[in-house]
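To keep things clear, I will list the structure first and then write my remarks on it.
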Amino acid sequence: RVVLAPGGVTPAAGLLRTKADLQAAAEEWIRLLGQVEARWPAATRLHVIGAIPASFAVRMGMHRMKTAHAELAIYHRSDDRYLPTPPITD
């Protein structure tokens, strides 16, 4: 299990306020993908559960290299449970 969370602050709506905030979050996502690739090189699917702004979700997809990284299985919250969306394979 790996976790991407903001350092030193409580996660909350509005945390990514500027382009610099979004860029910093994207760089951490890239770092996390590298960790996953190094720890689990044969992984075929990465399960992602998170409350994130759409701008960051787009960045997450932009930085996934389909020839190097596992497909992304994204979950969204519905009522009191998390449901999978179609996997991101491209």
Side-chain angles (χ1 to χ4, degrees):
R1 177 182 210 188
V2 292
V3 176
L4 178 62
V9 296
T10 301
L15 189 63
L16 300 179
R17 295 180 189 270
T18 67
K19 287 182 182 180
D21 293 340
L22 180 58
Q23 182 61 33
E27 288 171 8
E28 284 301 307
W29 170 248
I30 293 166
R31 185 187 61 73
L32 182 130
L33 285 175
Q35 283 183 338
V36 169
E37 188 177 3
R39 288 175 67 181
W40 300 286
T44 58
R45 182 174 288 171
L46 178 60
H47 295 268
V48 180
I49 302 171
I52 58 174
S55 58
F56 184 52
V58 169
R59 285 290 189 98
M60 289 172 68
M62 288 173 54
H63 291 294
R64 183 187 163 272
M65 296 183 295
K66 67 181 179 179
T67 58
H69 300 130
E71 70 181 35
L72 300 178
I74 308 294
Y75 293 81
H76 69 94
R77 188 170 177 136
S78 180
D79 297 320
D80 62 344
R81 60 189 178 147
Y82 287 93
L83 302 172
T85 64
I88 297 173
T89 58
D90 287 340

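Note: hydrogens, waters and symmetry copies are ignored here, and every other heavy atom, side chains too, is used.
Judged as a side-chain hydrogen bond (donor to acceptor under 3.5 Å, both in side chains), not a single pair has a partner in residues 2-14 (not counting sequence neighbours). Screening residues 11-22 for side-chain hydrogen bond (donor to acceptor under 3.5 Å, both in side chains) gives T18-D21 as the qualifying pairs, with residues at least two apart or on separate chains. The ring-ring contact (aromatic ring centres under 6.0 Å, His included) analysis of residues 41-60, with sequence neighbours excluded, yields the pairs H47-Y75.
Nearest heavy atom pair, residue R45 against residue A70, reads N-CB, 3.5 Å. Here the closest non-hydrogen pair linking T85 and H76 is CG2-CD2, 3.5 Å.
Remark: the backbone N or O of G61 is not paired with any side-chain donor or acceptor of R59 at under 3.5 angstrom.
Cluster annotation: V2 is connected to L4 through the hydrophobic network of ILVMFWY side chains, with a link wherever side-chain heavy atoms come within less than 4.5 Å. W40 and M60 fall within the same hydrophobic cluster, where Ile, Leu, Val, Met, Phe, Trp and Tyr residues are linked whenever their side-chain heavy atoms come under 4.5 Å apart, directly or through other members.
Between atom CG of residue L16 and atom CD1 of residue I52 there is a gap of 9.0 Å, rounded to the nearest 0.5 Å. Atom CZ of residue R31 and atom NE2 of residue H63 lie 14.0 Å apart, to the nearest 0.5 angstrom. Atom CG of residue L22 and atom CG of residue L15 lie 11.5 Å apart, to the nearest 0.5 angstrom.
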